[in-house]
Structure formats: structure tokens, C-alpha cells
Amino acid sequence: MKVLEPLTLRDREAPSRVLFGPHETNLGWDRSISERHVAYYERRAAGGAGVVVVEEASVHASDWPYERCPLAEQCGPGWAAVADAVHAHGGLALAALGHTGGQGSSAYSQLPLWAPSGVPEVNTREMPKVMELEDIEAVVRGFGEAAALAMRSGLDGVEVNAGQNSLVRQFLSGLTNLRGDAYGSDRLRVAREVLHAVRAGAAGGIVGLRLSCDELAPWAGIVPEAAGEIAATLSPWVDYLVVVRGGIFSVASTRPDGHDQPGFNLDLVRDIRASVDRRVPVFAQGSIVDIGQAEWAIDDGRCDAVEMTRAQIADPDLVAKARAGEADRIRPCILCNQTCKVRDARNPIVSCVVEPRSGFETTDPDPDLHPRLATGARVPQPVDLLVVGAGVAGLECARVAAWRGHRVTVAERTGETGGMLRIAAAGSGRDRLALLADWLTAECERLGVAIELDRQVSADDIARADSDGTHVVVCAGSITATEPLDTNYVTDDGAVVLTAVDVLDARRRGTLGEVLPTGPALIWDPIGGPIGVSVAEGLAADGVDVTIITPDLIVGTLLSRSGDLAPVNVRLAGAGVEFRKRAVLREVRASSAVVEDRFTGELVELKAAALIDAGPRLPDEQLWLASGARHLRAGDAVAPRTVYEAVLEGRRAALQIEGMLEATNGTGGA
Ligand SMILES: Cc1cc2nc3c(=O)[nH]c(=O)nc-3n(C[C@H](O)[C@H](O)[C@H](O)COP(=O)(O)O)c2cc1C
Ligand code: SF4
């Protein structure tokens, strides 16, 4: 495959054409690169990443956009450790350098933001200071000094950020550069000065440029036609170019979720590549999560190489598996943005719903070392294991236990694997969820797990397993609450109340007409996560008249974490879904429902043929309690949450068995 061939950047060779791009991780310590960073990048290099670009470092102390954002002058030792770790696996390691300018925050620096012009930050509305000439000089000098430090630290070079969150792009764009001086009449001037300084600082090293080639704001922003000229003008200074999109009003479009097509930038990158000197390799970026699509893009001449960032957060062994001819074994990134997106009020550490060890490499054991890369992961004392439930938690538990060498049976009461994941995948734009269920099932089968469908396990079965010495893990999932959990709405005789699960399940089976009466549907969404809105979108697409009721001031409020908040509100409004905000459901009647305004207490009656409750569910504890409440449990059976907890706890349960064996026998895990 071309994507697996080496790529020469300047005079250094990357072992593959797959780049692990720069991204916020919150793994930093103070403002430096931590041991956790080193382990995070080493894992991707070990898995075959050709180029690893370290989390962006601010080149000047005036820039401190988030608490643990690295500052270049504090990165020397950390960069050196990353260089050693990545080089040990043959990869190239680069420092991302940048300044977020007017898109930063003064919360940590207690200094005014610096920007080309007085354009307020879109989210915080913070007004920046217009940069004076000495400020520009200081930033340009900072780029050069940071590049020199990167080279002294043993890195292979640097990547300059002129992407969605960058001061360099703010100077390039008519949206944010309204200056009347020479930096306004020539908007490329700062970029040229920065690249000149970086080229001098990184003497002998690689200089890459991450360039926004479409700000999706054609009234004044960078448009693809102009970006071709910008790229051509700047290309003499650079050794590679990464084509991205997004700007001050469209930051989230650089890394959207699964509602945007994988590889959405592949036309853009083809057009930009046509403008750039062939000496400069061009990387495609943008939800490239399938190695087959990456190969196609290179083969089709759209690009020379690809950035696959989230794909390698989800599976650090992506390249190694493809090299081993096992591309079908790559754990899929489901483009959910649920735990890899770290800029939210909780300040979380980067992780991944399908691979929770991501970001936790120094603390969590790796159950997944690829068989071609590591041996000896097997337990010396295999045991029999019965996993109850073939949802995500059960399948992950079975997969890891089987990989460790245990003899595993999974008993599933329904006729299929995947549990709630397959139901959630019926929500609008969520079909990639099913890929995870497919992958877990295929891995279990490959590892010899016996999957017994339509098998209801009883407390007697568990008692028999106990007496045979078979270990048991209960992953029985969740059940619908018989009473609403979150509010005290009453249901009158004749009212039709369904759950979100009922509706999603009917949608995927094509039996919606049997379940949902004709007429307006109300969705009560007290959570504000992806489920309620995906039901609303799906029903609207099916032609149902939908109103979504939320206690919050905005629909889907938790989606701010994944970046889908504004996009989903646009999609819902476009689909004609009505919103009833800051409202609490009080009563469901035969053909209407009553909601109460949270601020005024006013009661309003809304027409409804059915009410769909998208509220929380309860753990299915029946079997666990009946068998003595002492067996291991995982996922929704403990407390219904997200895919992340299901994978994490399923895996932990499998590893816990080894701990238990070790404790009783003095032997166990390898
Ligand atoms: C957690 C996370 C944080 C990111 N932060 C940045 C950033 O600070 N600057 C930047 O230029 N790109 C950032 N990105 C974008 C990535 O570098 C990459 O371009 C993006 O994830 C799209 O590639 P992908 O679709 O292969 O993941 C971030 C991506 C992720 C997943
Ligand atoms: S959290 Fe979701 S989007 Fe992010 S890397 Fe993992 S699967 Fe992909």
C-alpha cells in the first residue's frame, strides 16, 4: 500500500505516510511536556505512525489559551524525551508551534489577548488588543527561538500552525486582519516573516505548515481559490503542507463528528495540491479514519500523505495492523468526539470511547499489544469465564479475557450482539456506532470466544458456574425505569408513552408505524446528550411532526463537549423540529402533554399523539442480585452511562480476574 511506504521530508525519512497530528491533550505538567505525553506519542510511533507532531506549544508567553497548554521555552526536556521515544521506533517527531492570538483566553495569563485587529473572540467575546509592531516582532522572534530549541532538543523539525486557532491565520484572513499598515495591505507578511524565522531557527530540520484553506466564510475569509495562491507563495519555505479548513467562526469544522462525511477535505486538498510546487508533499486531513480511504486519496493523486489523528487515538496500532495485512482488525474511530475533545469546563484528559487507555498510557495496562508486535501477553493459568450479556461491556470483557488466554463464553439473551450500541446507531448520523459492535464481535470470534445468542442465563446457571470454578462477569446492561426518574410527571389513561430506546429500535427494524401513533410526537429530553436529539432528527427525517422539550436554555446542551451543539441546533431547526426550552414535563394525556415553564411556572398544553421519554435508564441488576450480589459487573449493569465506561469497565473486569487469581494462587497475569 502506498500509504505504508516511506516518505522523504527534506532529508529525513518517515517510515509511513501517516501523520499523528498536533492536538490538545491536557497531559501537560505546568506548561511543559510530561511523561504522559511521552508515553502517548511513543505508543503511536510503536504502532507505525510515520510522523508524530507534538501538542502545539505557544511560542510566546503572551499566549496561554488553556491551562495545560505547553509553552515552548519550557518544552526542551520534554521534546528531547519525545524525540528519543519516537526515534526508537523509527518515526519522525516534530514540534507544533503556534500562537492563538485573539482566539485565546486571558484567564491564565492575566494579559490582554494579542490579535491583528480588534475582533472579539467568538465564544468568550473577549476583545483583544491590536498588536503593535513590537508585539509582532516579539512573536516572530518567538517562533524562531522555539524552532531552534526544538532542533537542539533532538526533534526532526517543527510544524507552524496557520490553522483554525492561530494568529498566523488571523493575519492571513480578511475576517480578522483589518489593519491599515503594511501588515494589513500585505496579509501574507506575518506568515512570511514567521516562516523565515522558523527556517533560520530550525536550520537543517523539517518545516511544515498547517494551513486553513477554507474558513467557510466567503464574505471575507480565506476561500479555496485564494488559499491556493497563499500556499504557492509560502511553499518555498516549507517541506510539507497540511491542508485543513476552519477559521474564527468555524473552529469546530476542522474536526467535526460523524455528521460530516469521512474525508470531507479530499476535494479541497486536491485543488490546493495542484497549486503547490511538487517538491512539497501535501497531507490530507479531515476525518480520515479508514486506511482504505487514505490509500485511495494517495492513489488518486489528491495528496502525498495523510493525517489520521483520531484514527490513531482510537487505534495506536493502525499502521502496524495494515502492514501486517490485518487492516480489517483496526479498531474503528466512530467520529463521536466524546472523549478526545478536551476543551470543556471539566478540563478532561484526552481519551477515547473505543480505547480508554488513550491518554492513560502510564497508568493503565495495555491489554491490546498487537500479536505481531509483542508476545508473552498470555496468562499462565487460563480459566473458564462466562460473560453474561453481549453488549459493549460484555464483548470487551470477553475480547480482552480471550486475548489474555482464558476460555470465554458469552451468553446473550437476544438474537444479536452489540446491545444498546446497535439501537443507538439507529439515531440520525450515528451509524458509525455499529462499527464498534461489529469490530468487537469479529475480534471475539477471531479469538475463539463462544458467543451463544438467545440464551437467557438464570441464577441457577450462575450457581452451577460457581461450583464448576467458572468465573462470571455480569454485563446485563440497562432497563427502562418503570417510573420517570428525573421528574414527577404523571401519565393519564390512554396516553402513549414510549422511550427513546423503543423508538430507535423500531426505526432500525422498520416497524416505527406499529409503535408510534400518527400525529405530533413530543420528545422529553432531560439529559441533553446525543440520544434525544438523534431521535428528534431521525423522526423529522421520517416525516413526523416533532417537538423537543428540554429543561435547559438550549437543546442538546451537553453536546457542547463534542462540538455538535451549534451544528445540531442548525440541523434540527432546518428539519422543522420545534423547541420547547426551559420546560419541565408535568403530565401526559391521551392526545396532549402539559409542560411547565421553569422560570415562570406557567403551564402550557401541547398537542401530542405520543410522548417519547429520552431520560435516564436503570441498571439491570436482577440476575446479579439473585445470584448473591458478589460477581463482577461492568458497564450499564453497574450504572447506565456511555460507551466509554462500558469499554473501560468490561476491560477492567477481564483484567481483574487475573488479579483475583494472583491473590488466591500467587500466580496469574503475565
Ligand atoms: C483532542 C483534539 C484536539 C485538537 N486540538 C488542535 C489544536 O489545538 N490545534 C490544531 O491545529 N488542531 C487541533 N486538532 C485537530 C487535529 O490536529 C486534526 O487536524 C483533527 O483531529 C482532524 O484530523 P482527524 O480527523 O484525523 O482527527 C485537535 C484534534 C483533537 C482530536
Ligand atoms: S473519542 Fe470518538 S471521535 Fe474521538 S478518537 Fe475516540 S472514537 Fe474517535
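Keep in mind that this is a model prediction, so the values were computed, not measured. Each ligand, and each atom within it, is numbered from 1 in the order the structure gives.
For the salt bridge (Lys or Arg N to Asp or Glu O under 4.0 Å) with R357, the qualifying choice from D315, D366, D317, D364 is D366, the only one to do so.
Side-chain polar atoms of S173 and E215 form a donor-acceptor pair below 3.5 angstrom.
Applying the side chain to side chain donor-acceptor pair (under 3.5 Å) rule to S562 yields no partners; only residues at least two apart in sequence or on another chain are considered.
Atom 4 (Fe) of ligand 2 has C340 SG as its protein N, O or S neighbours under 2.8 Å.
At a heavy-atom cutoff of 4.0 Å, ligand 1 is surrounded by P22, H23, E24, N161, Q164, R210, T254, R255, Q285, G286, S287, E307, M308, T309, R310, C340.
The cationic group of R44 lies under 6.0 Å from the six-membered ring centre of Y40 and within 45° of the ring axis, placing it in a cation-pi geometry. R192 forms no cation-pi arrangement with W237, by the criterion of a distance under 6.0 Å to the ring centre and an angle within 45° of the ring axis.
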Let me see the working for N165 and V251 under side chain to side chain contact (heavy atoms under 4.5 Å, CB included), right down to the final yes or no. CA-CA 7 Å; N165 267 322; V251 170; 3.8 Å; yes
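The two residues R68 and N347 make their nearest non-hydrogen contact at NH2-O, 4.1 Å.
Using cut-offs of 30° and 60° on the angle between ring planes, the pair F20 and H23 is perpendicular.
Counting only residues at least two apart or in different chains, salt bridge (Lys or Arg N to Asp or Glu O under 4.0 Å) contacts with residues 249-267 comprise R245-D260, D267-R270, D267-R302.
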